Every structure is written in C-alpha cells, then in structure tokens.
S.K.: 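Pasting a structure here, questions to come.
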Amino acid sequence: MSFKDKIIKDRIPAHVAIIMDGNGRWAKKRGFLRTLGHEKGVDAVRETVEAAAALGISFITLYAFSTENWNRPRYEINALMKLLVTSVNKERKTFMDNNIRLLAIGDLKNLPARSQGELKKAIEDTSGNTGLRLVLALSYSSRWEIVEAARSLARQVSAGTLKADEINADSFSGLLTTAEIPDPELLIRTSGECRVSNFLLWQIAYSELYFTPTLWPDFTKEDFYKAIVDYQGRERRFGLTSEQIKQTKNRHFN
Ligand code: IPE
Ligand code: IPE
Ligand code: MG
C-alpha cells in the first residue's frame, strides 16, 4: 500500500519547506563529480513538486542555494547557476501542466545576470497559474533576511514613520521575503543531517521537523507522501496541553 493512500485529505499542510541535501554524497558514492548529483537532484525536484501539486498543497519552498554556498568551489557554483537556467527552462512544461506558479526568495541580485533573467521570465510566464506556488530559495539565508528586515524597521523609526513600540511579530513577518507566504507546517531535510543551515529560522518557529537519511537525488514521490503521513500523525500543541488541543478538536466536531 502506498503512503499516498494513508494521507488524510482534509489535513494536508498548506506549506511544506524542503532542505534538499545530499547531492554531493550521492555522486561521490558512485564515483561521479558532485555536479552530477545536482543534475540528478532536478529529477527529485520534479517528482516532489508533482506530488505536492497533486495533493493540493498551496506552497512548497525549496532551499536550492544558500548564502553560505557562495563559498563553494567556483566550478561547482558555476555548474549550479547553469543548472538553474536550464532547469527553469526545461521544467516550464511541468509548471504549465500542473498549474504551478514559480516564485523566488533570497538575495537574487547576487545571481549571474543570465540566471536572474531566466528566473524572472519563468516567474512572469507562470504568474497566471493558480495552483501550487513553488518558491525557490536562492542565495538565501535566514540571518540575511532578518538583518534586512531589522534595517528596514530602523529606517522607518529614524524617519519617524514608525514608533518602536508598534513593532510586533506580525509586522516583522511582513518585512521578510516570505511576507505573502504562510509559515511552513512541515520542514523536511534529506541526507541525514539534523540541522536547519540558516533556512527560514523565523518561519519554522512551530514547524514540524522531518529528517530522512535518503539523499536528495533518491527522494521520490513515495518519500514525500511518507513525510506527509508522519506529519499527520503528530500532535501540534503550540504551547498548550494535549487535553486543551483535544477539547478544541471536539468543539470543532460538535
Ligand atoms: C545540496 O546538496 C545541494 C546544495 C547545497 C546546492 P550538497 O551539495 O550539499 O550535497 P552534500 O551535502 O555535499 O552531499
Ligand atoms: C543547505 O545545505 C543548503 C541547501 C540545501 C541549498 P548545505 O549542504 O549547504 O548545508 P550544510 O553546510 O551541510 O549545513
Ligand atoms: Mg550538503
């Protein structure tokens, strides 16, 4: 029986974020260059995105390139940037067939001009699609975006358009790159590493974390369904007691 059949249809998360990790190790294990692992990783992206679209998930955010990844060897950075351009072009049909709208977060001005151009074009071309929103995190790090938000607040306070006391969690969220995106209910990381590597630190305050040893290029639709089933088996308490949560649920049912 597929994990898909175990998914409770009315409890699908609205937003799933994924740290796609393990491409290099996948390639190394086979005696290939790390860059081949990245290429193979694109197939796993397609699989996952199709599965998410079919389940009716509203947002999927994929960590594709971090601020810290700029410190990798030049040849690997170049290969990743090239892959971004080719994949965004090649997957145009996947986006249109599945009614997917592409979005991007991160310090995009750091990307090579060609990558920025292709990305912008794909974002525009898919802007009329109304299904899954696929958010690519590129040249992204959480500390970068939090510092940017803090700077913006400081500017508003010094200009006299905002009082320091008016700053709250909601207005702060509204200044992040994810302003229009709900916090992820579920964060998945592949490759067995149990860390968040500067990804969505503010937004994952109450996310359920799911770590799997599967390397990203091996990640399939079935692995994605398995993560959703695991998520659905958890009790999200948000600081309350289990009894309080059950009472609220009962009230909803009665
Ligand atoms: C994730 O795979 C992709 C990126 C970070 C761009 P890695 O390249 O980090 O693969 P490992 O973790 O070295 O195996
Ligand atoms: C996180 O993976 C970034 C992406 C998946 C894009 P890394 O491989 O860069 O993270 P660390 O270095 O293992 O923490
Ligand atoms: Mg890695």
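Remember, it's a predicted structure, so these values are computed and weren't measured experimentally. Order of appearance sets the numbers: ligands from 1, and atoms from 1 within every ligand.
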S.K.: Think R189 forms a cation-pi with F211, using NZ or CZ under 6.0 Å from the six-ring centre and within 45 degrees of its axis?
M.R.: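 Pair R189/F211 does not count as cation-pi.
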S.K.: To the nearest 0.5 angstrom, please state how far the NE2 atom of H38 sits from the OG atom of S87.
M.R.: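 Those atoms lie 11.5 Å apart.
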S.K.: What is the nearest protein non-hydrogen atom to atom 1 (C) of ligand 1, stated with its residue, atom name and distance?
M.R.: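 I find the closest protein heavy atom is M20 O, 3.0 Å.
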S.K.: Please could you name the atoms of ligand 1 that R25 approaches to less than 4.0 Å, counting only its heavy atoms?
M.R.: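 Near R25, the atoms of ligand 1 are 11 (P), 12 (O), 14 (O).
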S.K.: So, using salt bridge (Lys or Arg N to Asp or Glu O under 4.0 Å) as the criterion, who are the partners of K221 when residues are at least two apart?
M.R.: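 E47, E50.
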S.K.: Do any heavy atoms of A64 fall under 4.0 Å from ligand 1?
M.R.: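 Right, A64 reaches ligand 1.
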S.K.: Record the part of E193 in heavy-atom contact with ligand 1 below 4.0 Å; permitted values are side chain, backbone, both and neither.
M.R.: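 None of E193 does.
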S.K.: So which protein heavy atom does atom 10 (O) of ligand 1 come closest to, and at what separation?
M.R.: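 Of every protein heavy atom, G24 N, 2.9 Å lies nearest to atom 10 (O) of ligand 1.
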S.K.: Can you name the ring pair (Phe, Tyr, Trp, His ring centres under 6.0 Å) partners of W26, sequence neighbours left out?
M.R.: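 With sequence neighbours excluded, W26 shows a ring pair (Phe, Tyr, Trp, His ring centres under 6.0 Å) to no residue whatsoever.
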S.K.: Distance only, no hydrogens: is a donor on one side chain within 3.5 Å (strictly under) of an acceptor on the other, for N129 and T126?
M.R.: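 No.
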S.K.: What part of K28, side chain from CB on, backbone N/CA/C/O, both or neither, has a heavy atom under 4.0 Å from ligand 1?
M.R.: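 Contact part for K28 vs ligand 1: neither.
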S.K.: By residue and atom, what protein N/O/S atoms are less than 2.8 Å from the Mg ion (ligand 3)?
M.R.: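 N, O, S partners closer than 2.8 Å: D21 OD1.
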S.K.: Looking only at distances, please establish whether an N/O atom of ligand 2 is found under 3.5 Å from an N/O atom of R195.
M.R.: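 The answer is yes, given that R195 and ligand 2 share an N or O pair closer than 3.5 Å.
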S.K.: Residue-level breakdown please: for R72 versus ligand 1, do any non-hydrogen atoms fall below 4.0 Å on the side chain, on the backbone, on both, or on neither?
M.R.: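 Only the side chain of R72 comes within reach of ligand 1.
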S.K.: Looking only at heavy atoms, is any part of L215 under 4.0 Å from ligand 1, and if so is it the side chain, the backbone, or both, or is it neither?
M.R.: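 Neither; no heavy atom under 4.0 Å.
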S.K.: Hey, can you tell me if Y63 and Y140 have their rings parallel, tilted or perpendicular (30° and 60° cut-offs)?
M.R.: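 If you compare the ring of Y63 with that of Y140, the planes turn out perpendicular.
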S.K.: Linking directly or through intermediates, with side-chain heavy atoms under 4.5 Å: list the remaining ILVMFWY members grouped with W202, chain and number order.
M.R.: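 In the cluster with W202 are I146, L153, V157, L162, I167, F172, L175, L176.
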S.K.: Would you please say whether a donor-acceptor pair under 3.5 Å links the side chains of N69 and S66?
M.R.: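 Judged by distance alone, the side chains do pair up.
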S.K.: Would you call R46-D43 a salt bridge at under 4.0 Å N-O?
M.R.: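 A salt bridge is present here (some side-chain N lies under 4.0 Å from a carboxylate O).
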S.K.: Output yes when E193 and R25 qualify as a salt bridge under the 4.0 Å nitrogen-oxygen rule, no when they do not.
M.R.: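 The answer is yes: the pair qualifies as a salt bridge.
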S.K.: Run the numbers for me: atoms of ligand 2, each under 4.0 Å from some heavy atom of F65, listed by number.
M.R.: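 In order of numbering, the contacting atoms are 6 (C).
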S.K.: Determine, considering heavy atoms only, which of N23, T190, T35 sits nearest to atom 3 (C) of ligand 1.
M.R.: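 Closest candidate by heavy-atom distance is N23.
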S.K.: What do you reckon, does S191 put a non-hydrogen atom under 4.0 Å from ligand 1?
M.R.: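 Per 4.0 Å heavy-atom rule, S191 does not contact ligand 1.
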S.K.: Geometry only, no angles: is Y63 polar-contacting ligand 2 at N/O separations under 3.5 Å?
M.R.: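 It does not: no N or O of Y63 is found under 3.5 Å from an N or O of ligand 2.
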